[in-house]
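As structure tokens, the structure follows; a few thoughts come after it.
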Amino acid sequence: MPEGPEIRRAADKLEKAVGGKPLTHVWFAFPQLQPYQPELIGCRVIRFETRGKALLTHFSNGMTLYSHNQLYGVWRVVKPGEEPAGKRSPRVRLETADKAVVLLSASDISLWVTDEVDTHPFLARIGPDVLDMALTPDIVRERLMSPAFRRRQLAGTLLDQAFIAGLGNYLRAEILWQAQLAPHHKPQDLSEAQREALAEAVLSIARLSYATRGKAKESKHHGALFRFRVFHRAGKPCERCGSLIEKTTLSSRPFYWCPACQH
């Protein structure tokens with residue numbers, strides 16, 4: 001499943017393609033959404049917003065399209081009238097005079113009055129978005145020590161969207177490696193210095209991934225590019241201590257770590 005940084009980068013591409021332009025064609029696969037198609041013709045997409053792994057498409061008529069890619073959903077940018085290559089089933093099409101964006105395969109899609117979209121069951125329960133620049137290490141530390149999370153193992157907490165929205169499996173592994181913590185630790189058992197390191201890693205790893213992952217050249221603004229230190233590196237030496245990275249399963253997901261220096 002794409003994690004927060006991937007969803008945000010997708011939103012950036014959609015914004016560049018159709019943001020601010022009048023919609024010339026709107027199509028929904030689901031019958032319950034089709035009555036809204038005529039209402040959206042001539043409207044503009046004023047913003048693509050991400051909330052963790054959910055994408056909100058805000059229209060100028062006061063409506064918002066909620067979508068969640070889940071495991072198989074993906075957005076594509078194509079030419080007007082063009083169908084995306086492949087066998088995926090289209091679910092949403094928003095077309096302007098020069099570009100179209102198509103959502104494929106996703107099933108968690110709904111339309112809301114913009115002022116009411118926060119009541120969506122998923123949005124109502126998630127925590128702050130990891131890429132929201134208003135989110136600070138102090139706030140992350142407070143959430144770690146809140147009654148909901150202070151007694152829980154980090155392995156589960158870092159995948160729980162109610163803690164911080166947008167974190168997922170590869171970010172979990174990289175965050176814990178950066179903070180030199182084991183997945184079984186609980187926030188209440190950590191020192192202040194460890195909680196500080198963890199909170200810093202939660203934000204810095206996710207934000208570096210958003211800003212630089214997949215880029216081939218050094219970033220002038222961020223220095224070193226994001227790359228995996230432990231994820232998918234089982235059997236390779238740890239860059240910090242030289243011990244071999246191991247793979248196990250936690251919360252039904254593969255997990256990679258260095259047992260020698262994550263303790």
Side-chain angles (χ1 to χ4, degrees), residues 2-9 12 50-53 126-215 218-233 237-243 245-246 250-251 253 255-263:
E3 302 183 25
E6 288 71 48
I7 300 299
R8 182 67 64 86
R9 282 198 300 274
D12 292 344
T50 56
R51 305 265 190 100
K53 303 176 187 181
I126 62 174
D129 189 303
V130 70
L131 298 178
D132 183 347
M133 297 310 294
L135 182 62
T136 65
D138 285 343
I139 296 173
V140 177
R141 284 200 299 271
E142 289 175 5
R143 294 187 69 78
L144 283 167
M145 290 302 289
S146 67
F149 302 111
R150 62 181 298 147
R151 296 179 181 84
R152 291 180 55 184
Q153 292 187 358
L154 296 177
T157 294
L158 291 178
L159 294 185
D160 188 342
Q161 299 304 289
F163 170 56
I164 302 290
L167 299 181
N169 200 39
Y170 83 78
L171 288 174
R172 172 179 70 166
E174 297 299 317
I175 288 166
L176 289 175
W177 183 86
Q178 179 68 28
Q180 300 188 54
L181 293 173
H184 62 267
H185 282 312
K186 300 176 182 179
Q188 66 178 8
D189 299 327
L190 300 177
S191 67
E192 283 295 325
Q194 287 175 316
R195 284 194 289 269
E196 181 176 352
L198 177 58
E200 292 282 355
V202 164
L203 299 184
S204 64
I205 295 294
R207 291 170 181 179
L208 183 64
S209 176
Y210 163 64
T212 69
R213 189 179 176 202
K215 295 186 177 181
E218 191 89 352
S219 168
K220 294 181 180 179
H221 302 291
H222 297 274
L225 303 178
F226 177 89
R227 59 190 178 87
F228 292 141
R229 307 288 182 162
V230 286
F231 192 72
H232 280 171
R233 297 192 72 246
C238 172
E239 296 181 9
R240 187 163 48 218
C241 73
S243 299
I245 302 300
E246 293 186 5
L250 294 173
S251 306
R253 307 290 299 279
F255 180 75
Y256 301 82
W257 69 314
C258 175
C261 64
Q262 288 180 252
H263 48 74

Taking all non-hydrogen atoms of both residues, which atom of [X] and which atom of [Y] are closest, and how far apart?
X	Y	value
Ala134	Ile139	O-CD1, 3.7 Å
Leu198	Ala179	CA-CB, 3.8 Å
Gly52	Asp129	N-OD2, 2.8 Å
Gln194	Leu181	NE2-CD2, 3.8 Å
Ala206	Leu167	CB-CD2, 4.5 Å
Gly166	Leu171	O-CD1, 3.7 Å

In plain terms, say whether Glu239 and Arg227 are close enough for a salt bridge, that is, a side-chain N and a carboxylate O under 4.0 Å apart.
-> yes

Min side-chain heavy-atom separation Pro237-Ile245 under 4.5 Å | no

Spell out, as yes or no, whether a donor-acceptor pair under 3.5 Å connects the side chain of [X] to the backbone of [Y].
X	Y	value
Ser209	Ile205	no
Arg143	Ala162	yes
Thr212	Phe226	yes
Gln262	Cys258	yes
Glu3	Tyr170	yes

side-chain contact (heavy atoms from CB on, under 4.5 Å) between Met145 and Arg195, intermediate numbers included = CA-CA 9 Å; Met145 290 302 289; Arg195 284 194 289 269; 3.6 Å; yes

Determine the interplanar angle of the Phe255 and Trp257 rings, folded into 0 to 90°, and report it as parallel if under 30°, tilted if 30 to 60°, perpendicular if over 60°.
-> tilted

Should the ring pair Tyr256 and His232 be called parallel, tilted or perpendicular, given that the plane angle runs from 0 to 90° and is split at 30 and 60?
-> perpendicular

side-chain contact (heavy atoms from CB on, under 4.5 Å) between Leu208 and Leu225, worked out | CA-CA 7 Å; Leu208 183 64; Leu225 303 178; over 6 Å; no

Partners meeting ring-ring contact (aromatic ring centres under 6.0 Å, His included) with Phe149 (sequence neighbours left out) = Phe163

